[in-house]
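Reviewing the structure listed below.
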Amino acid sequence: MPNQHQSPSAVLTPEALAARVAPQDSPVRAADDVARYALGLGDDALVLAQRLGSWIAAAPELEEDVALGNIALDTLGHARSLLTYAGSAWDQTEDDLAYFRDEPDFRCRQIFERPNGDFACTIARQLVVSAYFTALYRALTGSADPTLAAIAAKAVKEVDYHLDHATLWTLRLALGTEESRRRTVAGFDAVWPFVDELFADDPAADAVPAAAVAPAGLREPFDALLLPVLDRVELPVPAVAAVRGGGRLGVHSEALGPLLAEMQVLARRHPGAVW
């Protein structure tokens with residue numbers, strides 16, 4: 001559960017955080033080890049936001065265009081806060097970290113970079129990652145690092161909604177037609193090989209145990225959130241082999257390069273451009 005001692009005033013928006021870390025003599029500046037941990041979390045959120053944004057004007061109904069767009073914006077907000085805080089350690093902005101790093105420099109887990117697939121596959125991934133983010137941000141509100149705790153306090157309210165949204169769509173699809181159930185099963189089969197990596201060791205988290213959340217400790221709350229949903233629709237946990245992973249060490253699938261090329265092209269062709 002969220003830290004009940006986290007006051008509303010301590011909840012940071014991306015804009016408020018950017019203002020606090022900008023001055024050279026700012027007291028809000030991430031230590032190098034904390035920044036490396038925040039960078040991995042920020043990359044997870046940034047890459048997922050880019051994937052979800054692709055559904056705008058392509059979802060199966062107009063209302064869903066808006067819903068997935070809003071979830072993408074929430075997730076982008078989490079990425080902005082985490083990357084802004086990480087960049088404060090190295091005098092880099094959120095844009096520097098988002099647009100001017102190459103593929104091996106990204107530290108996202110591989111599930112976030114997976115192509116969307118069809119709508120049912122996207123919903124399967126969204127249920128998995130929403131359960132993961134909910135477990136993560138609930139735990140991170142108790143971080144010894146007050147800035148990470150404040151970022152999590154804002155994010156946890158939003159990912160609770162994301163989990164509800166993915167749960168409702170999973171029920172609707174898995175209990176709908178024969179075709180929608182077939183696609184839902186195929187979606188979970190496609191996503192599940194990447195689940196174990198979410199709970200694999202993260203050297204950056206190990207380096208700051210008081211500030212970070214140990215990934216392995218998130219598996220139990222994740223299962224408690226997700227498995228009851230699968231039970232309700234009588235879907236077994238897919239019996240598929242886990243991928244090797246390695247996203248936190250800069251090892252990525254072939255899917256990340258094209259995503260970054262699309263996301264970064266404008267900033268790289270016109271560095272420093274403003275509206």
Practice prompt. Say whether W55 and E64, considering side chains only, have a donor N or O and an acceptor N or O under 3.5 Å apart.
Written response: no
Discussion item. Rounded at 0.5 Å granularity, tell me how far CG in L198 sits from CZ in R248.
Written reply: 8.5 Å
Determine all donor-acceptor pairs shorter than 3.5 Å in which one atom belongs to a side chain in residues 232-246; sequence neighbours excluded.
none

Worksheet item: Do you know which two heavy atoms are closest between A86 and A38, and how far apart they sit?
Response: CB-CB, 4.1 Å
Discussion item. Quick one: does any side-chain atom of S143 pair with a main-chain N or O of A212 as donor and acceptor, under 3.5 Å?
Written reply: no
Worksheet item: Are the side chain of Y37 and the backbone N or O of P209 linked by a donor-acceptor pair below 3.5 Å?
Response: no
Worksheet item: For the atom pair CG (L48) and SG (C108), what is the distance rounded to the nearest 0.5 Å?
Response: 10.5 Å
Worksheet item: Out of curiosity, does L76 fall in the hydrophobic cluster containing V66 (side-chain heavy atoms, cut-off under 4.5 Å, transitive links)?
Response: no
Worksheet item: When you check the side-chain N and O atoms of D96 and W90, is any donor under 3.5 Å from an acceptor?
Response: no
Fill in: Ion pair E61/R172, N-O distance below 4.0 Å
yes
Worksheet item: Hey, is the main chain of V159 close enough, under 3.5 Å, to the side chain of D74 for a donor-acceptor pair?
Response: no
Worksheet entry | Least distance between heavy atoms, A131 atom then L226 atom | CB-CB, 4.1 Å
Worksheet entry | Side-chain (D44) to main-chain (R109) donor-acceptor, under 3.5 angstrom | yes
Worksheet item: Roughly how far apart are S81 OG and I151 CD1, rounded to 0.5 Å?
Response: 5.0 Å
Practice prompt. Among T134, I111, L136, V191, find the residue that satisfies the side-chain contact (heavy atoms from CB on, under 4.5 Å) test when tested with V129.
Written response: I111
Response to the item:
In short, P104 meets R107 closest at the heavy-atom pair O-NH1, 2.7 Å
Worksheet item: Between R29 (side chain) and S88 (backbone), is there a donor-acceptor pair under 3.5 Å?
Response: yes
Worksheet item: For residues D164 and T167, is any side-chain donor paired with an opposing acceptor at under 3.5 Å?
Response: no
Worksheet item: Are Y137 and Y132 close enough that their ring centers fall under 6.0 Å?
Response: no
Worksheet item: How far apart are the closest heavy atoms of L83 and L97, and which atoms are they?
Response: O-CD1, 3.3 Å
Worksheet item: Does the S180 side chain pair with the main chain of L173, one donor and one acceptor, at a distance under 3.5 Å?
Response: yes
Item to complete: Verify the cluster assignment for L168 and L175: are they in a single hydrophobic cluster under the rule of side-chain heavy atoms below 4.5 Å apart?
Response: no
Worksheet entry | Pairing of D118 and R183 as salt bridge, 4.0 angstrom limit | yes
Worksheet item: Is there a side-chain contact between V195 and F222 (heavy atoms, below 4.5 Å)?
Response: yes
Worksheet item: Do any N or O atoms from the side chain of T141 and from the backbone of R138 form a donor-acceptor pair under 3.5 angstrom?
Response: yes
Item to complete: Compute whether any side-chain donor of one residue and acceptor of the other, for D145 and Y85, lie under 3.5 angstrom apart.
Response: yes
Fill in: Shortest non-hydrogen contact between T170 and I123, atoms and distance
OG1-CG2, 3.6 Å
Worksheet item: Is any side-chain heavy atom of F194 closer than 4.5 Å to a side-chain heavy atom of R114?
Response: yes
Discussion item. Is it the case that the side chain of R125 and the backbone of A120 share a donor-acceptor pair, with hydrogens and angles ignored and the cut-off at 3.5 Å?
Written reply: no
Worksheet item: What pair of heavy atoms forms the shortest contact from A30 to A35, and how long is it?
Response: CB-CB, 4.1 Å
Discussion item. Can you tell me if E179 has over 12 outside heavy atoms packed within less than 6.0 Å of its CD?
Written reply: yes
Worksheet item: Does any pair with a residue in residues 185-198 pass side-chain hydrogen bond (donor to acceptor under 3.5 Å, both in side chains), and if so which ones, sequence neighbours excluded?
Response: D196-R219
Practice prompt. Please identify each residue that fulfils salt bridge (Lys or Arg N to Asp or Glu O under 4.0 Å) with E158, with sequence neighbours left out.
Written response: K154
Fill in: N/O donor-acceptor pair under 3.5 Å between D105 side chain and D102 backbone
yes
Practice prompt. For the pair Q50 and E262, evaluate side chain to side chain contact (heavy atoms under 4.5 Å, CB included) and give the outcome as yes or no after the intermediate values.
Written response: CA-CA 9 Å; Q50 180 70 12; E262 181 178 2; 4.3 Å; yes
Worksheet entry | Reported CG-to-CD distance for the pair L259 and E103, which is rounded to 0.5 angstrom | 10.0 Å
Worksheet item: According to a 4.5 Å side-chain heavy-atom criterion applied to Ile, Leu, Val, Met, Phe, Trp and Tyr, with indirect links allowed, do L256 and L249 form part of one hydrophobic cluster?
Response: no
Worksheet item: Within a strict 4.5 Å, meaning less than it, do heavy atoms of the R80 and L46 side chains meet?
Response: no
Worksheet item: Do the side-chain N and O atoms of H252 and E113 include a donor-acceptor pair separated by under 3.5 angstrom?
Response: yes
Practice prompt. Could you tell me the separation between the CD atom of Q126 and the NE2 atom of H165, rounded to the nearest 0.5 Å?
Written response: 8.0 Å
Worksheet item: Counting heavy atoms not belonging to E220, are there more than 12 under 6.0 Å from its CD?
Response: no
Discussion item. Hydrophobic clusters here meaning ILVMFWY residues chained together by side-chain heavy-atom distances under 4.5 Å, can you tell me if F133 and L227 are in one?
Written reply: yes
Item to complete: State, yes or no, whether a side-chain contact exists between Y161 and N70 at a heavy-atom distance under 4.5 Å.
Response: no
Worksheet item: Donor-acceptor pair, D65 side chain versus A59 backbone, under 3.5 Å?
Response: yes
Worksheet item: Should D43 and R101 count as an ion pair when the cut-off is N to O under 4.0 Å?
Response: yes
Worksheet item: Is it the case that one hydrophobic cluster holds both F188 and L171, taking links as side-chain heavy atoms less than 4.5 Å apart, direct or via other members?
Response: yes
Worksheet item: Just wondering, do L39 and L82 contact through their side chains at under 4.5 Å, heavy atoms?
Response: no
Worksheet entry | Quiz item: cation-pi between R268 and Y99, 6.0 Å / 45° | no
Worksheet, complete the sentence: Output for pair (T122 OG1, L68 CG), nearest 0.5 Å, gives 7.5 Å
